[in-house]
There are 2 protein chains.
Amino acid sequence: MVRRSGRRPGNQDTRQSILEAARSTFAEKGYDNASIRAIAASAEVDPALVHHYFGTKEKLFLATMNAPINPGELIPQALDGPREQAGERLVRMALTVWDSPAGTAALAVFRSALSNEWTARLLREFVVTQILRRAIGELVTDPAEAPMRSALVATQIAGILVPRYVLRIEPLASADPEILVAALGPNVQRFLADPLPGVFG
Amino acid sequence: MVRRSGRRPGNQDTRQSILEAARSTFAEKGYDNASIRAIAASAEVDPALVHHYFGTKEKLFLATMNAPINPGELIPQALDGPREQAGERLVRMALTVWDSPAGTAALAVFRSALSNEWTARLLREFVVTQILRRAIGELVTDPAEAPMRSALVATQIAGILVPRYVLRIEPLASADPEILVAALGPNVQRFLADPLPGVFG
DNA sequence: CGTTGAAATCAACGCTAGATGAATTCCCGC
DNA sequence: GCGGGAATTCATCTAGCGTTGATTTCAACG
């Protein structure tokens with residue numbers, strides 16, 4: 001029997017609209033403060049339907065993050081190019097991601113990680129294994145210095161993200177991305193490759 | 001009859017111990033996730049007593065932050081000294097504050113601000129009026145450039161605080177303060193006074 | 001048709017939260 | 001030594017949460 005009887009899984013845009021409502025609600029309020037009931041209301045749907053589709057709140061969160069976050073394609077772009085401008089490329093990549101729709105999902109993870117334990121673990125593992133080791137680590141020549149230099153680079157990225165997307169402090173929140181690239185790129189570059197007296201040696 | 005309710009003999013520094021319990025609990029869990037019941041338990045006190053002393057949860061939070069946060073004395077220290085090392089002094093000051101007991105309160109505000117709306121407003125106003133305008137603004141020569149330069153400096157400070165105190169990512173979390181001063185001081189200095197091509201002009 | 005089974009809703013459970021007001025106990029000035 | 005008021009606790013109230021199971025609706029099939 002190829003086709004079974006019964007109602008076709010019709011109108012699948014309900015599932016999709018729940019996902020979208022979840023993504024924006026999680027991004028806005030973080031994991032804990034985003035209630036399933038609020039998500040359901042935002043999708044104009046019964047709360048129980050959310051469970052029907054996604055099971056638990058954790059699974060809904062993971063489903064929300066699963067689609068948009070896929071660093072596999074972006075990272076090579078950041079690595080490709082002259083070494084002296086790697087700093088600028090990293091900043092530009094971060095801003096591009098966070099200004100895109102996928103950035104909403106990233107913001108959700110980030111905001112949640114700051115107040116919830118298991119989402120924090122999620123973010124930490126993702127950042128360490130995917131971003132720091134895989135991307136930034138490649139750009140640092142001396143392996144012994146890689147952990148500290150990667151962490152310092154992360155410092156710069158977090159430094160933009162928090163004021164610009166989480167706290168929305170002006171003039172950073174509405175600054176043109178290229179201005180931030182010009183401002184922060186050299187600092188990132190310094191952490192990647194310049195000698196750091198007082199830190200190493 | 002077993003003595004269950006009623007006034008406790010001696011030791012009426014209860015109010016103070018509630019404040020301390022509140023401060024550390026807020027710092028650890030943020031505003032929303034810190035329950036009055038947990039604070040009361042940590043102070044070995046009935047939850048209703050917390051309300052008796054402080055009214056609402058918001059008022060308790062404000063009372064908790066009121067005492068320790070008083071930047072009036074610190075800021076002159078950061079301003080005093082050679083202009084070329086102002087960046088390092090700012091970083092050192094930030095780390096000193098956050099490593100002190102008062103830093104617990106600051107951490108509470110900061111962590112709360114990342115997931116809660118009204119505490120975010122609280123932090124924004126405090127940062128903008130007290131820190132940015134009053135302190136960092138003094139160090140920037142061109143007034144037209146002050147807002148952006150101050151914000152960029154704030155970027156650097158936030159960049160250390162989040163990984164070091166909120167997320168506790170190594171090796172930043174346990175790095176010696178002077179190492180971070182050496183690493184980040186020059187970046188801050190650049191934002192304070194160096195020409196920023198691509199940002200201004 | 002009638003059957004089927006997914007979509008969607010309803011009503012409720014158990015839990016935790018902040019808040020309230022009455023009741024109880026004790027300190028302190030008189 | 002006594003009475004008022006502050007300190008402390010108790011028992012609740014209300015509201016919202018995630019979750020569950022029963023129930024209803026309805027398009028697609030034989």
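Below, read A as the first sequence line, B as the second, and so on, with proteins coming before strands; counting in each chain starts at 1.
Each of Glu58(A) and His52(B) was assigned the nucleotide of DNA chain D with the nearest heavy atom; the assignment lying further toward the 5' end belongs to His52(B).
Both cation-pi conditions hold for Lys57(B) and Tyr31(B): the charged atom is under 6.0 angstrom from the six-membered ring centre and inside a 45 degree cone around its axis.
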Show your working on side chain to side chain contact (heavy atoms under 4.5 Å, CB included) between Arg164(A) and Leu95(A) and close with a plain yes or no. CA-CA 10 Å; Arg164(A) 172 175 245 242; Leu95(A) 290 174; 4.1 Å; yes
Is there a side chain to side chain contact (heavy atoms under 4.5 Å, CB included) between Leu152(B) and Leu172(A) once you walk through the steps? CA-CA 8 Å; Leu152(B) 287 173; Leu172(A) 293 176; 4.2 Å; yes
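Atom CD of Glu44(A) and atom C1' of dT9(C) are 15 Å apart (whole Å). The distance from atom NZ of Lys59(A) to atom C1' of dT19(D) is 12 Å, rounded to the nearest whole Å. Rounded to whole angstrom, the span from the CZ atom of Phe54(A) across to the P atom of dA7(C) amounts to 11 Å. Atom-to-atom, CG of Leu49(A) to P of dA8(C) comes out at 5 Å; the value is rounded to the nearest Å. Regarding Gln16(A), its CD atom lies at a distance of 14 Å from the P atom of dA7(C), rounded to whole Å.
In this structure, Thr14(B) OG1 and Ile18(B) CD1 are separated by 6.5 Å, a value rounded to the nearest 0.5 Å. For the atom pair NE2 of His52(B) and CZ of Arg15(B), the computed distance is 10.0 Å after rounding to the nearest 0.5 Å.
Listed by residue number, the members of residues 26-37 of chain B with any heavy atom below 4.0 angstrom from DNA chain C are Ala34(B), Ser35(B), Ile36(B), Arg37(B).
Ser42(B) contributes no side-chain N or O that, together with a main-chain N or O of Ala38(B), makes up a donor-acceptor pair within less than 3.5 Å.
Put simply, Tyr53(A) has a side-chain N or O that comes within less than 4.0 Å of OP1 or OP2 on dA8(C). Under 4.0 angstrom from either OP1 or OP2 of dT8(D) there lies at least one side-chain N or O belonging to Thr14(B).
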Under 3.5 Å, N/O pairs linking protein and nucleotides 20-22 of chain C:
none

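Here the closest heavy-atom approach between residue Val97(B) and residue Ser100(B) is recorded as O-OG, 2.7 Å.
More than 12 heavy-atom neighbours from other residues, nucleotides or ligands sit within 6.0 angstrom of CZ on Arg124(A).
No donor-acceptor contact under 3.5 angstrom links the side chains of Ser24(B) and Glu28(B), judged on distance only.
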